[in-house]
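I have placed the structure first, in the form of C-alpha cells, so that the comments after it can refer back to it.
Note that the structure is predicted; figures quoted are calculated from it, not measured.
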Amino acid sequence: MTRRTKIVATVGPASESVPMLRKLIDAGLDVVRLNLSHGELDEHLAKLANVRQAAAECGRSIAVLADLPGPKIRSGRFPEGGALLEPGATIHLRPGDEASDADLMYVQYPTLLDDLRMGARVVLGDGAISMTVLDVDAEQATARIDTGGRANGQPGVNLQSDMLRLTTPTDEDLVLAEAMAAAGVEYMAVSFVRQAIDVEKVRDVVGDRAQLVAKIETQASLDNLDEIIAVSDAVMVARGDLGIDCPIEDVPHLQKRIIRQCVAVGTPVITATQMLESMIAASSPTRAEVSDVANAVFDGTDAVMLSGETAIGRDPVGVVQTMSEIAERAESEASYRQWANRLGRMQRASDREVSSETKITMALSHAASQAAIDAEVSAILCCTRTGRTARAIARFRPEARMIGLSPDPKMVRMMALTWGVEPVEVETYASTDEMVWFAVKTAVEMGVAKRGDTVLVLAGAPDVDRTITATDVLRLVRVD
C-alpha cells in the first residue's frame with residue numbers, strides 16, 4: 001500500500017452485498033460507515049455481518065463505524081410531487097406535524113416559536129433551501145425564502161444550534177449504541193455534539209467496547225473543541241451541518257483548524273460531506289471535488305469520507321478508486337517534513353493537561369519521528385495494545401512505512417482509521433526483547449524490510465500484569 005490517507009465509505013443499497021464489499025475493499029476501502037439514521041437495526045446488523053465476511057475473504061482488517069442519528073427535526077409532509085418555495089416569497093412556520101405546503105410549513109419541534117427569533121436562519125435538508133425569520137408571534141413565525149427550491153417529503157429542518165433545546169445523545173441513540181457495541185463495531189460517531197459531556201454520555205453506555213468519534217457540526221462544538229477532542233477517540237469534520245450552522249465561507253478555515261488541533265494530539269480526524277458528490281450519478285468527479293479531496297490531504301486529515309457516493313451511487317467501486325488515486329497523488333506533493341517542527345511548537349504553546357503516561361508516549365514518539373529521518377529507516381514498527389503508540393507516531397506523518405502490530409484483533413481493525421498505519425495481528429509476547437524480535441521478523445516477512453535495512457521499533461514494556469500504559473521503548477534495529 002502506498003496511499004497513507006484512509007478512506008471511509010458509507011454502505012447502502014448500492015454497496016451492502018458481500019461481492020460488492022469485496023470489490024470496495026480491493027479498491028482501497030479502509031473503514032465502513034453504517035448510517036443509523038436510515039433503516040432498522042436488523043438491517044445494520046446484517047450489513048455488519050456482510051462487512052466481516054467480505055473482510056475475511058479479502059484478508060484485510062476493516063473497521064466499522066456506526067453513525068448514531070442524533071436529534072432530528074423534520075417538517076410536516078409536503079404534497080406528492082413536492083412544493084416549490086420561490087425565492088423572495090414568505091412562508092409561515094408553525095409547530096406540529098400536519099401537512100405542509102408552499103405557504104405554511106409545520107415543524108415537528110414543540111418549542112419552535114419560543115426558540116426562534118427575528119433574523120434567525122432556517123435551512124431545509126442539506127442546505128439547498130434557506131430562509132430568514134422576519135417575525136414571530138404567539139401563533140406562527142413568518143420567514144422570507146432566501147434560497148428557493150422544491151421541498152419534497154419530510155425534509156430535515158435545521159435551526160441555529162444556539163437556539164435549540166435538543167440534547168444529544170437521544171434515548172434512541174443510547175439504545176442503538178448499546179446494540180452496536182454489543183455487535184462489535186470498532187467506532188461509533190456521536191451526532192450533534194456540543195460539549196464534552198455529550199460524548200461522555202455515550203461512553204457511559206459503550207465503555208471500552210467501541211471508540212467514539214465526535215462529529216463537529218455546530219458552532220457550540222467549535223467553542224468547546226479542545227474539551228471535545230480530549231474526551232474523544234476520533235473526530236469528524238461534518239462539513240454539511242457545519243456549513244449550515246456557521247457561515248459557509250468559514251467552513252474551509254474551520255476544517256483546517258479542526259484537523260490541525262486533532263493531529264497535534266494524535267486524535268484521528270475524518271473529513272466528510274460532499275467530497276465526490278457528483279459521482280453519485282456521474283462517472284467522473286468535478287475538478288473542484290478533486291481539489292477538495294487533495295486539499296483535505298494537504299491539511300493532514302487521517303481519512304476522507306464518502307456518503308451517498310457509495311451508499312446509493314451508480315459506481316461505488318469507481319468512486320473509491322478515484323478517491324484513492326486523488327489522495328495518493330496529493331500525498332506525493334504534501335510537505336510532511338514540516339509536521340515535526342510545527343507540532344513541537346504547538347505542544348510547547350499548549351496548556352492542555354495530559355497524564356504522565358501520555359506525556360511519555362508523546363515525547364518518545366516525537367524523538368522517534370526525528371530518529372526515523374536521521375537513520376533513514378525503511379519502516380516504523382509500532383507494537384501496541386491500545387493503538388496509542390501508532391496514533392502518536394502517525395501525527396508526525398513520517399515518510400517511512402508504519403506497521404501497527406497488536407495481539408488484539410479488534411485493535412488491529414481500529415488502526416485502519418489512523419493515517420499511514422498498516423495494521424497486522426501478532427501473538428502476545430512476554431518480554432520486550434521477544435516483542436521487538438518478532439516485530440522485525442514480521443516486517444521482513446511482509447517485504448517491508450530486507451537484509452541491511454534499518455527499522456525503528458516503538459513499544460511499551462509489559463509490566464507484571466502484562467498491560468502497557470505508556471510507550472517507553474525505542475529501538476533502531478539493523479536487519480541481518
Side-chain angles (χ1 to χ4, degrees), residues 37-38 68-175 191-195 197-198 201 215 217-224 238 240-251:
S37 295
H38 304 289
L68 299 174
K72 297 294 181 184
I73 301 174
R74 296 199 175 275
S75 73
R77 185 171 297 279
F78 283 93
E80 188 73 26
L84 184 60
L85 306 187
E86 297 278 4
T90 58
I91 186 171
H92 300 298
L93 312 177
R94 294 178 185 172
D97 57 3
E98 298 170 50
S100 299
D101 57 35
D103 298 313
L104 174 60
M105 181 176 75
Y106 282 91
V107 180
Q108 297 175 357
Y109 183 50
T111 61
L112 177 72
L113 301 179
D114 296 322
D115 294 352
L116 281 181
R117 58 176 179 263
M118 288 180 60
R121 188 164 174 251
V122 179
V123 176
L124 300 189
D126 60 1
I129 299 174
S130 64
M131 56 192 75
T132 301
V133 176
L134 303 177
D135 182 60
V136 183
D137 59 33
E139 183 180 354
Q140 63 189 12
T142 302
R144 179 189 66 245
I145 299 170
D146 300 319
T147 305
R150 186 167 294 278
N152 293 286
Q154 291 182 276
V157 179
N158 296 278
L159 309 176
Q160 292 172 222
S161 63
D162 61 345
M163 298 188 303
L164 292 176
R165 304 186 194 188
L166 297 176
T167 58
T168 194
T170 65
D171 291 342
E172 180 192 8
D173 286 340
L174 296 179
V175 171
S191 298
F192 205 68
V193 171
R194 288 185 285 185
Q195 51 190 335
I197 194 172
D198 298 334
K201 288 177 182 176
K215 294 171 69 173
E217 51 193 337
T218 66
Q219 181 60 53
S221 64
L222 292 168
D223 295 340
N224 299 303
D241 287 320
L242 196 60
I244 292 172
D245 207 49
C246 303
I248 197 164
E249 64 271 19
D250 288 351
V251 172

In chain order, what residues pass the side chain to side chain donor-acceptor pair (under 3.5 Å) check against Asn158, with sequence neighbours excluded? none
Looking only at non-hydrogen atoms, find the nearest pair between Asp146 and Met131 and report the distance. OD2-C, 3.5 Å
Taking the side chain as C-beta and beyond, is there a heavy-atom pair between Ser221 and Arg194 under 4.5 Å? no
Yes or no on side-chain hydrogen bond (donor to acceptor under 3.5 Å, both in side chains) for Asp135 and Thr142, after CA distance, side-chain angles and deciding distance? CA-CA 5 Å; Asp135 182 60; Thr142 302; 4.9 Å; no
Would you say the side chain of Val136 lies within less than 4.5 Å of the side chain of Leu116, judging by non-hydrogen atoms? yes
Between Gly125 and Pro155, which heavy-atom pair has the shortest distance, and what is it? N-CB, 4.2 Å
Can you confirm whether Pro95 sits close enough to Tyr109 that some side-chain heavy atom of one is under 4.5 Å from a side-chain heavy atom of the other? no
Any donor and acceptor pair, going by atom type alone, linking the side chain of Thr111 with main-chain N or O of Asp114 inside 3.5 Å? no
Output the distance between atom CG (Asp97) and atom OH (Tyr106), rounded to the nearest 0.5 Å. 10.0 Å
With sequence neighbours excluded, residues passing side chain to side chain donor-acceptor pair (under 3.5 Å) with Gln140: His92, Arg94
Between SG of Cys246 and CG of Leu222, what distance do you get to the nearest 0.5 Å? 5.0 Å
In this structure, are over 12 heavy atoms from other groups packed under 6.0 Å from Ile197 atom CD1? no
Any donor-acceptor N/O pair, Glu217 side chain to Leu242 backbone, under 3.5 Å: no
Sequence neighbours excluded, the answer for side chain to side chain donor-acceptor pair (under 3.5 Å) partners of Thr167 is none
Test item: Ile73 and Val107 side chains (from C-beta on) under 4.5 Å apart, heavy atoms: yes
State whether the number of non-hydrogen atoms from other residues, nucleotides or ligands found under 6.0 Å of Asp171 atom CG is greater than 12. no
Sorted by chain and number, sequence neighbours left out, side chain to side chain donor-acceptor pair (under 3.5 Å) with Asp173 holds for Thr170
Give me the atom names and distance for the closest heavy-atom approach of Ser100 to Pro79. O-CD, 3.3 Å
Does Ile145 reach the side chain of Thr90, with side-chain heavy atoms less than 4.5 Å apart? no
Looking at Arg144 and Gly88, what are the two nearest heavy atoms and their distance? CG-O, 4.2 Å
Donor-acceptor pair, Asp245 side chain versus Asp241 backbone, under 3.5 Å? no
For the backbone of Gly70 and the side chain of Thr168, can you confirm whether one donor and one acceptor N or O come within less than 3.5 Å of each other? no
What closest approach, in Å, do Leu85 and Ala151 show between heavy atoms, and which atom pair accounts for it? CD1-CB, 4.3 Å
Rounded to the nearest 0.5 Å, what's the gap from CG on Leu93 to CE on Met105? Could you check? 4.5 Å
Just to verify, what does Asp115 make a salt bridge (charged side-chain N to carboxylate O under 4.0 Å, His left out) with, not counting sequence neighbours? Arg165
When you look at CG of Leu104, are more than 12 heavy atoms from neighbouring residues, nucleotides or ligands closer to it than 6.0 Å? yes
Rounded distance (nearest 0.5 Å) linking atom CG of Leu124 with atom CZ of Phe78: 6.0 Å
Before giving the answer on side chain to side chain contact (heavy atoms under 4.5 Å, CB included), spell out for Asp103 and Ile91 the whole-Å C-alpha distance, their side-chain angles and the decisive distance to 0.1 Å. CA-CA 5 Å; Asp103 298 313; Ile91 186 171; 5.7 Å; no
Within-4.5 Å side-chain heavy-atom neighbours: Thr218 and Val193: no
Pairs meeting criterion side-chain hydrogen bond (donor to acceptor under 3.5 Å, both in side chains) with involvement of residues 69-82, two or more places apart: Arg77-Gln154
Tell me the closest heavy-atom pair linking Gly243 and Arg121, and the distance in Å. O-NH1, 4.1 Å
